Amino acid sequence: MATWRVRRAEGVAVIRVLLVHDECLVRSVLAEWLRREPDLAVHDTSWRGAPGLLPSVRPDVCAADLECADSYGIPPLGELCRPGPDRTPPRLLVLASANRPGLLKRAAEAGALGYVDKEGSPQNLLRGIRRVAEGERFVNDSLGFGFLKAAEMPLTRRELSVLSLAAEGASIAEIAGSLHLSHGTVRNYMAAITRKTGARNRIDAIRISQGQGWL
C-alpha cells in the first residue's frame with residue numbers, strides 16, 4: 001500500500017524520482033529507461049544541479065550515484081536529504097559498488113534507505129525505488145562485503161573528508177577553508193589519519209586508503 005509520500009495521478013500511484021548522476025550519457029539512458037514505467041515520474045540531473053531542483057521536483061525518492069565529479073569526489077549526500085521550509089526530505093537510494101566501502105559508509109551515515117549494486121541487474125533499481133518510496137529498506141546482497149569492510153574502517157567521517165580533499169591535492173589551508181576548520185585542527189586530523197592507517201606520512205596514508213577503497 002502506497003504511503004502519503006506517493007502521489008496518485010489518473011488512478012496510478014506515481015513516485016517522483018530525482019536521478020542524480022554525473023555521467024550525462026549514462027544518466028540520460030538510465031532516466032529514459034525508468035520513464036517507461038507508468039508509476040515513475042523521473043527527473044535527472046548532475047550532482048551540481050541536484051540541490052536547485054529539489055524545491056520544484058519535490059521528489060519522493062532521490063536515486064543517486066555515489067561517484068561524484070565535484071566537491072573533490074565527495075558526494076554531498078546531506079544536500080539531498082536536507083528538509084526545506086515547506087517540504088519533507090526525499091528518501092535516499094544510492095547506486096554503489098562493494099569495492100568502495102568508504103562511500104557506503106557515507107551513505108549509511110546520511111540515512112540512505114536503499115543500496116543498489118551498480119554491477120547488478122537494472123531491475124534491482126526499479127525494485128529499490130519502489131521499496132524505498134514505501135519507507136522500506138532495500139539492500140542488494142552483493143554489497144554485503146562492502147558493508148563489512150565499511151564497519152572495519154578506522155577513520156571517522158570527518159577524517160575521511162579531510163583525507164579525500166588531501167588526495168585531490170588540496171593544501172592544509174584549502175582543506176581548512178572547505179571544511180570550516182582551523183589549520184591546526186586539520187593538521188591534528190592528518191596526524192590521526194596517519195596513525196590510524198599505519199602510514200609513514202600523508203602520501204602513504206592516501207595510498208593505503210585508496211587501496212582499501214576508503215576513498
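Quantities reported herein were computed from a predicted structural model and do not represent experimental measurements.
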Rounded to the nearest 0.5 Å, what separation is found between the CD atom of E152 and the NZ atom of K105? 11.0 Å

Take atom CD in E109; do more than 12 heavy atoms of anything else shown fall under 6.0 Å from it? yes

Between D65 and K118, is there a salt bridge with N-O shorter than 4.0 Å? yes

Close side-chain approach of L179 to L165, heavy-atom, < 4.5 Å: yes

Determine yes or no for a side-chain-to-main-chain donor-acceptor pair under 3.5 angstrom, with R91 supplying the side chain and A133 the backbone. yes

Using a strict threshold of under 4.0 Å (side-chain N to carboxylate O), is an ion pair present between D39 and R16? no

For a side chain to side chain contact (heavy atoms under 4.5 Å, CB included) check, start with the C-alpha distance between S182 and R187, then their side-chain angles and the critical distance, and finish with the verdict. CA-CA 9 Å; S182 70; R187 291 191 182 92; over 6 Å; no

Are there more than 12 heavy atoms of other residues, nucleotides or ligands under 6.0 Å from atom CZ of R127? yes

With a 4.5 Å cut-off on side-chain heavy atoms, are E67 and H21 touching? no

If I compare all heavy atoms of A31 with all of L19, which pair ends up nearest, and what's the gap? N-CD2, 3.7 Å

Check side chain to side chain donor-acceptor pair (under 3.5 Å) between S56 and all other residues, then give those that pass, not counting sequence neighbours. none

Apply side chain to side chain contact (heavy atoms under 4.5 Å, CB included) to residues R58 and T88 and explain how you reach the verdict. CA-CA 8 Å; R58 301 175 69 89; T88 336; over 6 Å; no

Please report the shortest heavy-atom distance between A64 and L80, naming the atom on each side. CB-CD1, 3.8 Å

L103 with L92, same ILVMFWY side-chain cluster at under 4.5 Å: yes

Tabulate below the donor-acceptor pairs under 3.5 Å that side-chain atoms of residues 141-150 make, not counting sequence neighbours, or state none.
{"from": "S142", "atom 1": "OG", "to": "D117", "atom 2": "OD2", "distance (Å)": "2.6"}
{"from": "K149", "atom 1": "NZ", "to": "Q212", "atom 2": "OE1", "distance (Å)": "3.3"}

Quick one: do E37 and R130 make a salt bridge, cutoff under 4.0 Å? yes

Do M153 and I208 sit in the same hydrophobic cluster, where Ile, Leu, Val, Met, Phe, Trp and Tyr count as joined when their side-chain heavy atoms come under 4.5 Å apart? no

Heavy-atom check, side chain of C68 versus side chain of P76, under 4.5 Å: yes

Does the side chain of L155 reach to within under 4.5 Å of the side chain of L163, using non-hydrogen atoms? yes

State, with a plain yes or no, whether a side-chain heavy atom of L95 is found less than 4.5 Å away from one of L30. yes

Heavy atoms only: give me the nearest L54-P90 pair and the separation to one decimal. CD2-CG, 4.3 Å

Could you check S161 against S164 for side chain to side chain donor-acceptor pair (under 3.5 Å), going step by step and ending with a plain yes or no? CA-CA 5 Å; S161 296; S164 295; over 6 Å; no

E23, CD: over 12 other non-hydrogen atoms inside 6.0 angstrom: no

Is L126 close to L40 at the side-chain level, that is, under 4.5 Å between some pair of heavy atoms? yes

Measure across W214 and L160 and return the closest heavy-atom pair with its distance rounded to 0.1 Å. O-CD2, 3.7 Å

Minimum heavy-atom distance A50-V20, with the two atoms named: CB-CG2, 4.0 Å

Determine which pairs satisfy side-chain hydrogen bond (donor to acceptor under 3.5 Å, both in side chains) with at least one residue from residues 189-200, sequence neighbours left out, and list them in order. E159-K196

Could you walk me through whether D44 and R35 pass the side chain to side chain contact (heavy atoms under 4.5 Å, CB included) test, one step at a time? CA-CA 11 Å; D44 65 279; R35 289 185 185 115; 2.8 Å; yes

Single-linkage hydrophobic cluster, 4.5 Å side-chain cutoff, V26 and V94 together: no

Answer yes or no: is there a donor N or O on one side and an acceptor on the other, between the side chain of S97 and the main chain of N99, under 3.5 Å? no

Under the side chain to side chain contact (heavy atoms under 4.5 Å, CB included) rule, what do V132 and Y115 come out as? Steps first, then yes or no, please. CA-CA 10 Å; V132 167; Y115 301 82; over 6 Å; no

What closest approach, in Å, do M190 and R202 show between heavy atoms, and which atom pair accounts for it? CE-CG, 3.5 Å

Side chains of L34 and L125: closer than 4.5 Å at any heavy-atom pair? yes

Validation row: I175, H183 side chains within 4.5 angstrom (heavy atoms): no

